[in-house]
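Notes follow once the structure below has been shown.
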Amino acid sequence: DVKVTQSSRYLVKRTGEKVFLECVQDMDHENMFWYRQDPGLGLRLIYFSYDVKMKEKGDIPEGYSVSREKKERFSLILESASTNQTSMYLCASRPGQDSYGYTFGSGTRLTVV
Amino acid sequence: GNSVTQMEGPVTLSEEAFLTINCTYTATGYPSLFWYVQYPGEGLQLLLKATKADDKGSNKGFEATYRKETTSFHLEKGSVQVSDSAVYFCALSSGYSSASKIIFGSGTRLSIRP
């Protein structure tokens with residue numbers, strides 16, 4: 001069964017910490033995405049990547065960066081965590097063809113205290 | 001730009017009732033259309049999809065037909081179960097590059113009473 005695996009289901013971090021959220025897919029997909037999901041705001045795209053070492057800003061990139069050194073791994077980095085980054089973070093991957101949907105990971109619920 | 005509008009929830013139904021969740025879209029060209037489901041505490045799962053006009057996607061008793069003339073992709077199920085309680089997202093993809101993003105609706109929370 002194909003999978004997108006997010007390294008943690010729950011994380012609690014302190015304000016100002018540098019936080020790494022890891023995502024790995026085993027489907028050889030070209031494209032990978034990071035979203036955050038908040039009540040009443042739906043899914044908001046933070047960053048995406050269409051190839052190794054390539055990245056594009058999404059709708060809300062401020063306060064985040066990403067890294068994609070290998071095709072299967074896409075990391076989201078919170079440079080200095082703040083309480084307004086408390087959220088559910090969802091990673092997704094997708095092959096190049098437009099008719100295919102995303103495969104999502106199970107999500108990481110991050111709490112910044 | 002591209003967008004998806006779906007009916008606001010929450011929707012509460014009794015078990016075995018008929019379900020319709022409305023979804024309309026705005027897009028250039030010929031988008032692919034999707035329904036995703038999110039169970040509590042989990043990520044989103046692809047429920048069904050349709051990639052061209054008049055296609056019908058189906059899975060687990062759910063169906064949706066791609067209607068280009070009305071720009072709609074309504075989700076239906078003939079007899080819902082308690083286990084169908086979840087949040088449902090309508091979505092579209094109309095990119096022409098390999099990095100095309102999927103645009104999601106705001107989600108509709110469905111609750112089924114026993």
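Because the structure is predicted, anything quoted here is derived from the model rather than measured. In the text below, chain A, chain B and the rest are named by the order of the sequence lines, each starting its count at 1.
By the rule that hydrophobic residues join a cluster once side-chain heavy atoms approach within less than 4.5 Å of another member, Val24(A) and Tyr47(A) end up as members of separate clusters. Under a hydrophobic-cluster definition in which Ile, Leu, Val, Met, Phe, Trp and Tyr are linked whenever side-chain heavy atoms come within less than 4.5 Å, directly or via other members, Leu78(A) and Tyr35(A) are assigned to different clusters. No chain of hydrophobic side-chain contacts below 4.5 Å, direct or via other Ile, Leu, Val, Met, Phe, Trp or Tyr residues, connects Val19(A) to Leu90(A). Two different hydrophobic clusters hold Val4(A) and Ile46(A) under the rule that ILVMFWY side chains link at heavy-atom gaps under 4.5 Å. Hydrophobic clustering (side-chain heavy atoms under 4.5 Å, transitive across Ile, Leu, Val, Met, Phe, Trp, Tyr) groups Met7(B) together with Leu19(B).
Looking at Leu45(A), the atoms closer than 4.5 Å to chain B (heavy atoms on both sides) all sit in the side chain, from C-beta outward. For Arg9(A), the part sitting under 4.5 Å from any heavy atom of chain B is the side chain, from C-beta outward, and nothing else. With a 4.5 Å cut-off on non-hydrogen atoms, Gln37(A) touches chain B through its side chain but not through its backbone.
Environment of CZ in Arg44(A): crowded, with over 12 heavy atoms of neighbouring residues, nucleotides or ligands closer than 6.0 Å.
With contacts defined as side-chain heavy-atom distances shorter than 4.5 Å, the pair Leu44(B)/Tyr102(A) does not qualify.
Interface residues of residues 48-71 of chain B toward chain A, defined by a heavy-atom distance below 4.5 Å and sorted by number: Lys49(B), Thr51(B). Residues of residues 106-114 of chain B having a heavy atom under 4.5 Å from any heavy atom of chain A: none.
In terms of the ring-ring contact (aromatic ring centres under 6.0 Å, His included) criterion, residue partners of Tyr36(B) (sequence neighbours excluded) are, by chain and number, Phe104(A), Phe104(B).
Note: Ile102(B) CD1 to Phe48(A) CZ = 12.0 Å, rounded to the nearest 0.5 Å. Residue Lys101(B) holds its NZ atom at 8.5 Å from CD of Glu56(A), rounded to the nearest 0.5 Å. The distance from the OH atom of Tyr100(A) to the OG atom of Ser93(B) is 13.0 Å, given to the nearest 0.5 Å.
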Can you list, pair by pair, the side-chain donor-acceptor contacts under 3.5 Å of residues 57-66 of chain A, counting residues two or more places apart and other chains?
from, atom 1, to, atom 2, distance (Å)
Tyr64(A), OH, Arg36(A), NH1, 3.0
Tyr64(A), OH, Tyr89(A), OH, 2.7
Ser65(A), OG, Glu79(A), OE2, 2.6

